[in-house]
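See below for the structure under consideration.
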2 protein chains.
Amino acid sequence: MDDQTVSTQSVLRALANEKRMQMLEWLLDPTAHFPAQRDGDLVDDGVCVGAITDKIGLSQPTVTNHLRTLADAKLVTSRQIKNWVFYKADRTAVLDALTNLRSRFET
Amino acid sequence: MDDQTVSTQSVLRALANEKRMQMLEWLLDPTAHFPAQRDGDLVDDGVCVGAITDKIGLSQPTVTNHLRTLADAKLVTSRQIKNWVFYKADRTAVLDALTNLRSRFET
DNA sequence: CATCCATATAGCAAGTTACCTATATTGCCT
DNA sequence: AGGCAATATAGGTAACTTGCTATATGGATG
């Protein structure tokens, strides 16, 4: 329950930034937002950092940092393939977090 | 829609702080968390700043500031009676904001 | 009208966040 | 092995957040 509190806060902090919100929305529907990748399937593996960096217009380290924040909140997962790291949204985790949040506010 | 974006962010920023989350939860069920007030009904009028200040253990100006953040996000409303200001949670606004947020993440 | 009480505003300090550039790390390829 | 490519880490700066104390404001009351 205290653990719950911490995690809800980390989710809220992760979402309370437009750039991260944008990235998460893109990652939830990667084929709509990113070109196909040579190594790694957009849907199965996720989107590589470079593609996100190109699209969002921030430096690569800043993007890596935002992705870490999303990962800390368990909203995205990452996997390494060769020397790429692919980030993938966890839709279930996102929706569960919101359900959880909502339950705090219902009577 | 851009307006929507801004407002979603203000809601998320408002909730992404434990003290404000706490206050909002209290304000959603005031009778469970605050003693009856002489001037102003807890449910109908809301909770006065002083009562919130006593309970949360922050200075009065800090509490006023947090309440403003919640009010900017439209999660609470305020009304003045005599020289008290009563803050009241807007449950509908809270739930609508979450519904709205969720709709961004559904397929 | 003087004062008191409740809240708001001003202004400041400390901590955190968001961004950058430079560099390290790691894996691949010739 | 050497170099290239992709990402992570380090380190620095500016802006924002969170808290405080001191003070202003404005209604109520003796």
Side-chain angles (χ1 to χ4, degrees), chain A residues 6 9-24 27 34-42 45-73 75-88, chain B residues 6 9-24 27 34-42 45-73 75-88:
Chain A
V6 169
Q9 283 298 309
S10 75
V11 168
L12 287 168
R13 269 184 277 108
L15 297 180
N17 174 285
E18 291 193 38
K19 298 290 172 49
R20 285 191 297 264
M21 175 70 87
Q22 179 75 92
M23 289 183 194
L24 182 60
L27 292 179
F34 297 96
Q37 300 169 144
R38 288 197 323 285
D39 305 73
D41 183 77
L42 281 180
D45 302 312
V47 183
C48 73
V49 176
I52 303 170
T53 298
D54 290 345
K55 194 174 174 70
I56 201 126
L58 293 172
S59 72
Q60 173 267 312
T62 298
V63 170
T64 291
N65 217 46
H66 281 317
L67 288 168
R68 187 192 350 251
T69 301
L70 288 168
D72 286 348
L75 301 176
V76 305
T77 56
S78 67
R79 63 186 299 199
Q80 184 157 4
I81 299 179
K82 298 183 177 175
N83 53 343
W84 288 273
V85 177
F86 295 91
Y87 284 84
K88 186 163 136 175
Chain B
V6 169
Q9 284 298 307
S10 75
V11 167
L12 287 168
R13 268 184 277 107
L15 297 179
N17 174 285
E18 291 192 36
K19 298 288 171 50
R20 285 191 295 264
M21 175 70 87
Q22 179 75 92
M23 289 182 195
L24 182 60
L27 292 179
F34 297 96
Q37 300 169 145
R38 289 197 323 285
D39 305 74
D41 183 78
L42 281 179
D45 302 312
V47 183
C48 74
V49 176
I52 303 170
T53 298
D54 290 347
K55 194 174 174 71
I56 201 121
L58 293 171
S59 72
Q60 173 266 312
T62 297
V63 170
T64 291
N65 216 45
H66 280 317
L67 288 168
R68 185 189 357 246
T69 301
L70 288 168
D72 286 348
L75 300 176
V76 305
T77 55
S78 67
R79 62 186 300 199
Q80 184 157 3
I81 298 180
K82 296 183 178 176
N83 52 343
W84 287 273
V85 177
F86 295 91
Y87 283 85
K88 187 162 135 177

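We name chains A, B, ... by the order of the sequence lines, and we start the count at 1 in each one. On a predicted model such as this, the values are computed, not experimentally measured, just so you know.
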Which residues pass the salt bridge (Lys or Arg N to Asp or Glu O under 4.0 Å) test with B/R79, sequence neighbours left out? B/D45

Separation of atom [atom1] in [X] from atom [atom2] in [N], rounded to whole Å:
| X | N | atom1 | atom2 | result |
| --- | --- | --- | --- | --- |
| A/R38 | C/dC28 | CZ | P | 14 Å |
| B/R79 | D/dG26 | CZ | P | 20 Å |
| A/N65 | D/dA8 | CG | C1' | 10 Å |
| B/D54 | C/dT7 | CG | P | 10 Å |
| B/M21 | D/dT18 | CE | P | 13 Å |
| A/L67 | C/dC19 | CG | C1' | 15 Å |
| A/W84 | C/dT25 | CH2 | P | 22 Å |
| A/Q37 | D/dA6 | CD | P | 12 Å |

If the cut-off is 4.0 Å, is [X] near the phosphate of [N], judged by side-chain N/O to OP1 or OP2?
| X | N | result |
| --- | --- | --- |
| B/R68 | C/dT9 | yes |
| A/K82 | D/dA5 | no |
| B/T64 | C/dT7 | no |
| A/N17 | C/dA18 | yes |
| B/H66 | D/dG19 | yes |
| B/R13 | D/dC16 | no |
| B/Y87 | C/dA6 | no |
| B/T62 | D/dC20 | yes |
| B/K19 | D/dG19 | yes |

Grab the two heavy atoms, one from A/N17 and one from B/Q9, that are nearest each other, plus how far apart they are. N-OE1, 3.2 Å

Do you know the tightest heavy-atom contact between B/M21 and B/L15? CE-O, 3.9 Å

A/P61 has a side chain; which of D/dA8, C/dG27, D/dC20 sits nearest to it? D/dA8

Please pick, from C/dT7, D/dA8, C/dC20, the nucleotide with the shortest atom-to-atom distance to any side-chain atom of B/V49. C/dT7

Are any non-hydrogen side-chain atoms of B/M23 and B/I56 less than 4.5 angstrom apart? yes

Please evaluate the base of C/dC28 for a donor-acceptor partner in the side chain of A/N83 within a cut-off of under 3.5 Å? no

Can you find a donor-acceptor N/O pair under 3.5 angstrom joining the side chain of B/Q60 to the base of C/dA6? no

